[in-house]
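Notes follow the structure.
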There are 2 protein chains.
Amino acid sequence: MKEITLKQIAETLGISVTTVSKALKGYSDVNEKTRQSVLDLASSLQYTPNSFAVNLRTKESKTIGLVIPEVVHHFFSNVIKGIIEEAEKNGYLVIILQSNESLELEKKQIELLINKRVDGIIISLSNDANNEIYLQQIIDREIPFVQFDKISKLIPSSKVIINDQKAAYQAVKHLIDKGCKKIAHIRGPINPQNAIDRFLGYKKALEDHNITFDSSLVYPCKHVTFEEGKEFAARILADHKDVDGIFVITDMVAVGVLAHFNEHQIKVPEQIKIIGFSNWFMSQVITPKLSTVDQPSFEMGEQAFKLLLEEMHARKEFLPFTPRTIELDTSIIERESTF
Amino acid sequence: MKEITLKQIAETLGISVTTVSKALKGYSDVNEKTRQSVLDLASSLQYTPNSFAVNLRTKESKTIGLVIPEVVHHFFSNVIKGIIEEAEKNGYLVIILQSNESLELEKKQIELLINKRVDGIIISLSNDANNEIYLQQIIDREIPFVQFDKISKLIPSSKVIINDQKAAYQAVKHLIDKGCKKIAHIRGPINPQNAIDRFLGYKKALEDHNITFDSSLVYPCKHVTFEEGKEFAARILADHKDVDGIFVITDMVAVGVLAHFNEHQIKVPEQIKIIGFSNWFMSQVITPKLSTVDQPSFEMGEQAFKLLLEEMHARKEFLPFTPRTIELDTSIIERESTF
DNA sequence: ATTATTATCGAAAACGTTTTCGAAATTACC
DNA sequence: GGTAATTTCGAAAACGTTTTCGATAATAAT
């Protein structure tokens, strides 16, 4: 029960390995009859090329690497799904690694993928990422490279993003349209670009609607968890009893806020309106249902792979390639928490 | 800017490729001085072995394949996390593919992985799986193979499972202990073994507590979705107005039931008590909080990889290997829906 | 001084494929 | 019939590593 090789097929057919290889790959310089006999024997033996040998010879593995902060996350698992599906359509497989929001690990995972010699890398940065010189080595080694969601603007790669600032602006405007006058913001950690952009969108929306910005109304998350949401909800009530709206960095935290308000009989949306971000599945099944910003996660994955494929093609054909950035649309989903 | 190879190191040092390779791999038959010079040059050039060549030579890729029905799922993404982390600790990377609960796709994904020549395969079957002869080819080709969660008992591979029957029994007993007399069961699809086992546990718990089993109280899911939960909630209310407890195949569906009851002012747990299965994250943030069966998903992933590693080791050393089955413990988590 | 032992090295084969280049055989053309 | 064009094939190199096995040189033992 050995592996079938070209050599074995060649020997039983009394022809050369070269001809067998050519027959299987549809080269024109092989006689129709021999081609047929090779194909027949190959399929009856269930021949499949040894991918290790093919990789070595062709210098590509038809495999890409994906590094994300966390697999157990509705947004990221949707992105993963988008990437895997699009990759498979194009004959690529996906190796997934997690940074667990750790800079150390993120660097290590990238090196693992480089040593593995994947054909390309897709990444969403961890929150800790502040000094992304190690990303530069991906570019330097000319490995096709796409960033999505949490990106580094400094690294010249293709990117798939949403316009966080605009989306946040619309979310806060939604609260204002619904009558909110004093709006708090539970923001993300200091470093990630998207936390910064959402904060800027919040600020701009206030200014454009003649609400003076008050930095004491901004609460920065460290871990972006359900528990933090509960904590901040309590803090906000203690600090500002007249807050009537909260824009939260992401649904996970917003659900924590909601949980605290439910436990303490704070009426949502009557007393305080809440809007989250990301349209996490959970937000439509809690009480009250959470208004949020829909972020096209699956599509983000698809687009990220498509951009990577573009670059992989270009590199293979030695064509020039300039990175592209795709900005996907978001939309406000109005539910009970802002009625 | 070429790739660094052993040959280049050998040439600049004026020694043979053999010695360079041996020096890097710590063979004893290389002089300490030459060993040091090789190590120095290698690290200064940032040499990393070409994994394609290593794969071909060693006939292993330090990569395993994982096939699951769906990535976007709290249970599975936790398993993925467990597998990835444990794999990485042992120097393995993980390729993930989805079956989307389709038999066709499941077969295709397995073939992809076999052709890719991964060192091992971990799988959780799709609901459609009824005729698993294509799993046999994994065994026949002597590819290390582990099943988890949704398994085929007929295929002699290592397995990581929970005792679904026992867990379901405990869940239903919990309802009975809380005073339920007429308990409905929203069960999973017909085929999967774990849906069958949970149903059997439900039935046995009733019988052991002198409640006569009534098949009209059993509602089989097709798609195991939130929406189906809402539908069945309505159906149960229409069919049996005196139902006072429901055991639901999984939290996703249970949350649907809860949503319908919330909308129609059915009091949970006063009027009807509900217990789910899997301890989905969401179940602790909805209102009322859902009682459920905790399923150790992350640990399941870890154990699955460990079993796979055992078999990969054994195969490599040509040692005999007999498949093992690990059964993990579950526990009842009591929350508001069964107070 | 001779033999036995040990330390150190490298030639070469092997893994299985792809592709270049030239040779041989066949066909077409005048 | 001879030459040119075309069809069909295969030898060989290459991808970069690992490992076997034998050779040489240095040292130890007698």
Side-chain angles (χ1 to χ4, degrees), chain A residues 2-39 41-42 45-63 91 114-119 141 316-318, chain B residues 2-39 41-42 45-63 91 114-119 141 316-318:
Chain A
K2 288 178 201 164
E3 303 278 344
I4 313 295
T5 67
L6 291 184
K7 196 176 169 188
Q8 291 177 40
I9 296 181
E11 278 169 2
T12 55
L13 252 43
I15 57 179
S16 76
V17 171
T18 306
T19 305
V20 175
S21 173
K22 285 181 181 171
L24 290 169
K25 304 204 73 190
Y27 276 57
S28 60
D29 66 341
V30 37
N31 187 298
E32 176 56 26
K33 259 201 280 185
T34 54
R35 201 183 71 88
Q36 205 45 254
S37 66
V38 168
L39 259 49
L41 184 56
L45 292 177
Q46 296 195 59
Y47 167 81
T48 57
N50 182 312
S51 65
F52 298 157
V54 176
N55 291 348
L56 177 60
R57 178 61 222 230
T58 61
K59 294 179 182 302
E60 57 175 15
S61 59
K62 294 284 180 182
T63 306
I114 291 178
N115 291 347
K116 186 79 184 177
R117 282 172 162 74
V118 291
D119 297 344
R141 296 195 188 215
K316 203 173 165 182
E317 313 286 338
F318 299 102
Chain B
K2 287 178 201 165
E3 302 280 343
I4 312 297
T5 67
L6 292 184
K7 196 177 169 188
Q8 291 177 40
I9 296 181
E11 277 169 5
T12 54
L13 252 45
I15 57 179
S16 77
V17 170
T18 305
T19 306
V20 176
S21 173
K22 285 182 181 170
L24 290 170
K25 303 205 74 189
Y27 277 58
S28 60
D29 65 341
V30 39
N31 187 301
E32 175 58 24
K33 259 201 280 186
T34 53
R35 200 183 71 88
Q36 204 45 252
S37 67
V38 169
L39 258 48
L41 184 57
L45 291 177
Q46 298 194 58
Y47 167 80
T48 57
N50 182 312
S51 65
F52 298 157
V54 176
N55 290 348
L56 177 61
R57 179 59 222 226
T58 62
K59 295 179 183 301
E60 58 176 14
S61 58
K62 294 281 179 184
T63 306
I114 291 178
N115 292 346
K116 187 78 182 177
R117 282 172 162 75
V118 291
D119 297 345
R141 296 195 189 214
K316 203 172 165 184
E317 313 286 339
F318 298 102

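Below, read A as the first sequence line, B as the second, and so on, with proteins coming before strands; counting in each chain starts at 1.
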Quiz prompt | Exercise: identify the closest heavy-atom pair between Arg117(B) and Pro49(A) | solution = NH1-O, 3.2 Å

Quiz item: Got a second to check how far Leu6(B)'s CG is from Leu24(B)'s CG, nearest 0.5 Å?
Solution: 6.5 Å

Quiz prompt | Rounded distance in Å - CD1 (Ile4(B)) to C1' (dC15(D)) | solution = 16 Å

Quiz item: Between CG of Leu45(B) and OG1 of Thr5(B), what distance do you get to the nearest 0.5 Å?
Solution: 10.0 Å

Quiz prompt | Rounded distance in Å - CZ (Arg35(B)) to C1' (dG10(C)) | solution = 19 Å

Quiz item: Should Lys22(A) and Asp29(A) be marked as a salt bridge (charged side-chain N to carboxylate O under 4.0 Å, His left out) after you check the CA-CA gap, both sets of side-chain angles, and the distance that decides it?
Solution: CA-CA 8 Å; Lys22(A) 285 181 181 171; Asp29(A) 66 341; 3.0 Å; yes

Exercise. Compare side-chain N and O positions of Thr19(B) against OP1 and OP2 of dG10(C) and report whether any pair is under 4.0 Å apart.
Key: yes

Output side-chain donor-acceptor pairs under 3.5 Å for residues 7-14 of chain B, partner residues at least two apart or in another chain, one line each.
from, atom 1, to, atom 2, distance (Å)
Gln8(B), NE2, Glu3(B), O, 2.8
Thr12(B), OG1, Gln8(B), O, 3.2
Thr12(B), OG1, Ile9(B), O, 3.0

Practice problem: Would you please confirm or rule out a distance under 4.0 Å between OP1 or OP2 of dT8(D) and any side-chain N or O of Asn31(A)? | Solution: yes

Quiz prompt | Between dC15(D) (P) and Glu60(A) (CD): distance, integer Å | solution = 17 Å

Quiz item: What do the steps show when you test Lys316(B) against Glu60(B) for salt bridge (charged side-chain N to carboxylate O under 4.0 Å, His left out), and what is the final call?
Solution: CA-CA 10 Å; Lys316(B) 203 172 165 184; Glu60(B) 58 176 14; 3.0 Å; yes

Quiz item: Quick one: Leu56(B) CG to dA14(C) C1', roughly how many Å, whole number?
Solution: 9 Å

Quiz item: Taking atom P of dG16(D) as reference, at what distance in whole Å does atom CG of Leu6(B) sit?
Solution: 10 Å

Quiz item: Taking for each residue the nucleotide of DNA chain C bearing the nearest heavy atom, is the 5' side occupied by Thr48(A) or by Gly14(B)?
Solution: Gly14(B)

Quiz item: Between Thr63(A) and Lys116(B), is any side-chain donor less than 3.5 angstrom from a side-chain acceptor?
Solution: yes

Quiz item: Between atom CG in Leu24(B) and atom C1' in dG10(C), what is the gap in whole Å?
Solution: 16 Å

Practice problem: Write down the distance between OH (Tyr47(B)) and P (dG16(D)), rounded to a whole number of angstrom. | Solution: 10 Å

Quiz prompt | Below 4.0 Å: OP1/OP2 of dG16(C) and any side-chain N or O of Lys59(B) | solution = yes

Practice problem: Nearest whole angstrom, please: distance from the P of dG10(C) to the CD1 of Ile9(B). | Solution: 14 Å

Quiz prompt | Where protein sits on nucleotides 19-27 of chain C, one letter per nucleotide: B base, S sugar-phosphate only, - none, heavy atoms under 4.0 Å | solution = BBB------

